[in-house]
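In what follows, a structure is listed as structure tokens, so that the remarks can point back to it.
Only this structure's heavy atoms are used, side chains among them; waters, hydrogens and symmetry mates stay out.
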Amino acid sequence: MSILPVANSPAPTPNGTPAGGTPEKPVRPKKKGRSFAQIHAKPLPVDIHPLPAFHPTNPISLLRIAYTWISHILYQPTSHPGEPYIGYFSPETRSVHVTDPKHVRALWEMGFFGKGTLSRSEPSWLEREKARIMTEMRGHGGRKAAEDATNARREERRLFKLERARAERERTERQRLVERGELQPDESGGVEDIVVEPESKAEGEDSFVSDEQEVIESQPLLEANHVEPKRVDEVLEIEDFPEPQVDNQEHLQLTLEEAFFLSYGLGVLTILPPRATDSPPMSPKSLPKDYSNNDVLQLFCQHSSFPPSPTPSIAPDDQFLLNYVVYHHFRSLGWVVRPGMKFGCDYILYNRGPVFSHAEFAVMIVPAYSHRYWNSPGGRGQRRVAEQKDWWWLHCVNRVQSQVKKTLVLCYVEVPSPFEVNLEQGIGQTLACYRKQFPNFYG
Amino acid sequence: MADAEEDTFPRGGPSGEEPDLTDETQDFRFLAAISREDASIPKRGEKDFEPHATTLQSNTLAASRQAMHNALSFQRVHTPKNHSLATYHPETNMAYAYTPRGPLFARMGAVLSATEDPLGNDELRGKRLWLLPEEVLYLMDRGTIDVRWPPAGEGGEGEGEGLVMSLQGAYAMFMGDEGRVGGALTFERYAVYSNLKRAGYTVHRAPSWDSDDGERGSECYATIPGMTRAWHVGLFNYYTSWWNIWGTDDKVTDTERAEGPLVRNKLYRSYPEIYRRLALIPYHDPTAQFGPKDPESATDPAFRITYHVWKPGSTTYKKSAPGPPDFRVAVVNARDSAVPTLEQIGALLETTPYKPPPDNMQIYQKLKHGYKNVILAIVDQGVVSYLRIADAAFGREKSFERTSHGRGGKRGGRGGRGGRGRGR
């Protein structure tokens, strides 16, 4: 993380503001003003063009509706972006990479698709990196990402634990002394009001200290030195440091289900074969032939097992198909579906998105072989998931979910027989063979 | 004495705030507090992770051990006031008692009718309370009744009391005999029974205790919508189709379904319009199930409702007419079964009554409430864990219709209207 190509030259910032110029902040303040509800107003990366509302008390609104309607007829606005978003299939990571920063922003902001490869979820590495460099340069940084808040909280918790352990140690030591008769019992009253001593702080400090803490520590120093009014100007001058130039080393990583949903369901993503790593980024003109949705489905199914199956045949209980059926269903109901790897489940469901509220439901997919075929002697051997899970498995899963205050949803997907699954009849027709039931568990 | 123990139990549900004592090394000193007269719910002590060679710590440990020892060696006696005698009846593997005393019997045991009573319709029948194996064991365990073997003599009835049945003898007689009358009382079932009873619940055997009671009454299914509803739906459809002239809500064509994308690049008025185009996967809808899916379907013996349970403070419960239970509990042996398959859980849920969530409920609560529910008591070597399973109809709750309201300026003009009819 420490070796980074950083251009520290006082060159003009990308926005054209010369270094050391007037304190005119180009983009930041505007960005800060946007609330999450504005940034993530669109639940899917598709545009809609509603007619204005009609107010019976205001007849002019009728004119407005007519105007909008006619202009829509004349100009025919469309729902999809002019150029489809581009994703490169990566067989090694079994994901689809989106590298264009504009596409990355769009897919994250509208529907919370994908994950930044260097971030927890929102691709915020560049912002964080810039903030970090700014902090190093002038003592306090810019925007705080979610990761910073988490790190600060963890650091605080760690220090608290150290402090608690130290107090505990001291208490037992004192108790021992009292028992040996080297100390009077009433002296031990002072044990409770121990304050944090500088040694323990130094002990707790390591290479990683959150920037919040540095800000807090530097403030009393400033006050102690009797800050003169001139100081304010100095601070302003420091503010005008140019934004550091950092190469964006992050890209967006879409799971196969997300990519297929964007491609097959919404039609906003074009999935291209893996890019040769050393060739220059291709211009849109010389794009390689992209996959059709059918090819993509074949490809993803092949890569849903490890090692990837060499044959293009698709088993009805293929992991990708089961996952996609569940993913598509919840998406089509309006949930924001995100991988549940961190919580030991298949998916977690957000109501509007991760920035608005915590997820309430954790989905675990269970293939249900209730079709007659799967219970025939031949079909039994064909099952991919041969054994039922035991209760300990369920208790483990449920224990984690209750710890993170989520409700476990077992999503039974009825697997159709191989005779029903035939891609030649079409993707949608195939997917429609899968039926789902959701009992939810909580203990 | 025996009742004091019951009073100290927290009156919470099985999934309530009862502290999970198995989590940590227990400080058994709280036991000493229970057996005093002014007993109160004990507080948990602090965790001690390692010995640190202080006398304080070793004293605490010794006191804790002593308290546990005292609790275990406590002599259980019958108080003369509540002393009830019962007699074992080998033919039915039950026991009977004549007008036993104590508040517990208001919710346990049964006076059998003239035709059912194994001892016939004699003059004492009205006073004779028959106790099922689990009831006898539970009452013996807590020292409420004293069970005697049947008197040896031929006309022994009432002449003299038989020999005292020991606790070991009772466990040997009542537990786990498959061939006995009234089905087996397995250890798992007894563990759940005694656990629920001690927590204050009223527990009765469910009709499906020993067999699959093939009947699934009409209460297990959704009611067929009446005329008003149908009329409403018709009108609703009429409106939506009329609005569609303005909107652009047309059907997804077969080619679009086959090759994608489902959402064509064109003018949309609202997001619900787009979401409706994405709907593809069929789902189970409990509100549309009006009868058994498969009339032949039977519940798996491992997954059947074992007990009907009423809350401790239930006001509607009467022993003669208990009314519908608050919970239905299925006892599951964790070592003999696995996480149920769809058939198993489906058949089990089918035997429970249809209880849809109220319309005005919030979406999360609604989904958690479900349309049918059952409580699984999973017993692993005596450790009981309760899981509530509900049939959550995610497919019925269109998340997009609800959010389209709270979204201020983003609300779609026409499509939003379609969502309003369904209720939030």
With only heavy atoms counted, which part of [X] is less than 4.5 Å from chain B, the side chain, the backbone, both or neither?
X: A/Y369; value: backbone
X: A/V366; value: neither
X: A/R180; value: neither
X: A/L262; value: neither

[X] side chain near [Y] side chain, heavy-atom distance below 4.5 Å:
X: B/Y364; Y: A/T407; result: no
X: B/I274; Y: A/L44; result: yes
X: A/H328; Y: B/L280; result: yes
X: A/W391; Y: B/V332; result: yes
X: A/Y264; Y: B/V263; result: no

Proximity breakdown for [X] and chain A, heavy-atom pairs closer than 4.5 Å:
X: B/D380; value: side chain
X: B/E256; value: backbone
X: B/T255; value: neither

Fill in: Partners passing side-chain hydrogen bond (donor to acceptor under 3.5 Å, both in side chains) against A/W393 (at least two apart in sequence or in another chain)
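A/W393 satisfies side-chain hydrogen bond (donor to acceptor under 3.5 Å, both in side chains) with no residue once adjacent residues are dropped.
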Item to complete: Can you sort out the partners of B/Y275 under ring-ring contact (aromatic ring centres under 6.0 Å, His included), two or more places apart, ordered by chain and number?
Response: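 B/F400.
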To the closest 0.5 Å, what do you measure between [atom1] ([X]) and [atom2] ([Y])?
X: A/F361; Y: B/F394; atom1: CZ; atom2: CZ; result: 4.5 Å
X: B/K398; Y: A/S332; atom1: NZ; atom2: OG; result: 7.5 Å
X: B/R264; Y: A/L266; atom1: CZ; atom2: CG; result: 14.5 Å
X: A/S370; Y: B/L342; atom1: OG; atom2: CG; result: 5.0 Å
X: B/I345; Y: A/L410; atom1: CD1; atom2: CG; result: 8.0 Å

Practice prompt. Give the intermediate values and the outcome of side-chain contact (heavy atoms from CB on, under 4.5 Å) for residues A/R171 and B/L56.
Written response: CA-CA 12 Å; A/R171 202 157 45 229; B/L56 180 70; over 6 Å; no
Worksheet item: Does NE2 in A/H72 sit with more than 12 non-hydrogen atoms of other residues, nucleotides or ligands closer than 6.0 Å?
Response: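 It does: A/H72 NE2 has more than 12 such atoms within range.
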Item to complete: Can you establish whether the number of heavy atoms outside A/F356 located under 6.0 Å from its atom CZ is more than 12?
Response: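 Yes, because the 6.0 Å sphere around CZ of A/F356 holds more than 12 heavy atoms from other groups.
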How close do [X] and [Y] get, heavy atom to heavy atom, and via which atoms?
X: B/P261; Y: A/S263; result: CB-O, 3.9 Å
X: A/V46; Y: B/Y271; result: O-OH, 2.6 Å
X: A/D390; Y: B/V339; result: O-CG2, 3.3 Å
X: B/L278; Y: A/G265; result: CD2-O, 3.7 Å
X: B/A338; Y: A/Q388; result: CB-CB, 3.6 Å

Worksheet item: Are a donor atom and an acceptor atom from the side chains of B/T55 and A/E179 found within less than 3.5 Å of each other?
Response: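 Side-chain D/A pair, B/T55 to A/E179: present.
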Worksheet item: Would you call the rings of B/Y283 and A/H329 parallel, tilted or perpendicular if under 30° counts as parallel and over 60° as perpendicular?
Response: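 Taking A/H329 first and then B/Y283, their aromatic rings sit tilted (interplane angle of 30° to 60°).
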Discussion item. Checking the side chain of B/T54 only, and the main-chain atoms of A/T172 only, is there a donor and an acceptor separated by less than 3.5 Å?
Written reply: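 Side chain of B/T54 to backbone of A/T172: no pair is present.
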Worksheet entry | side-chain contact (heavy atoms from CB on, under 4.5 Å) evaluation trace for B/E397 with A/L333 | CA-CA 7 Å; B/E397 305 303 328; A/L333 292 170; over 6 Å; no
Fill in: Among A/E360, A/H395, A/K389, residue most engaged with chain B (heavy-atom pairs, under 4.5 Å)
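Sorted descending by pairs with chain B, the first entry is A/E360.
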Discussion item. Quick one, B/Y268 with A/H49, criterion ring-ring contact (aromatic ring centres under 6.0 Å, His included). Give me CA distance, side-chain angles, the key distance, then yes/no.
Written reply: CA-CA 6 Å; B/Y268 295 100; A/H49 304 276; 9.1 Å; no
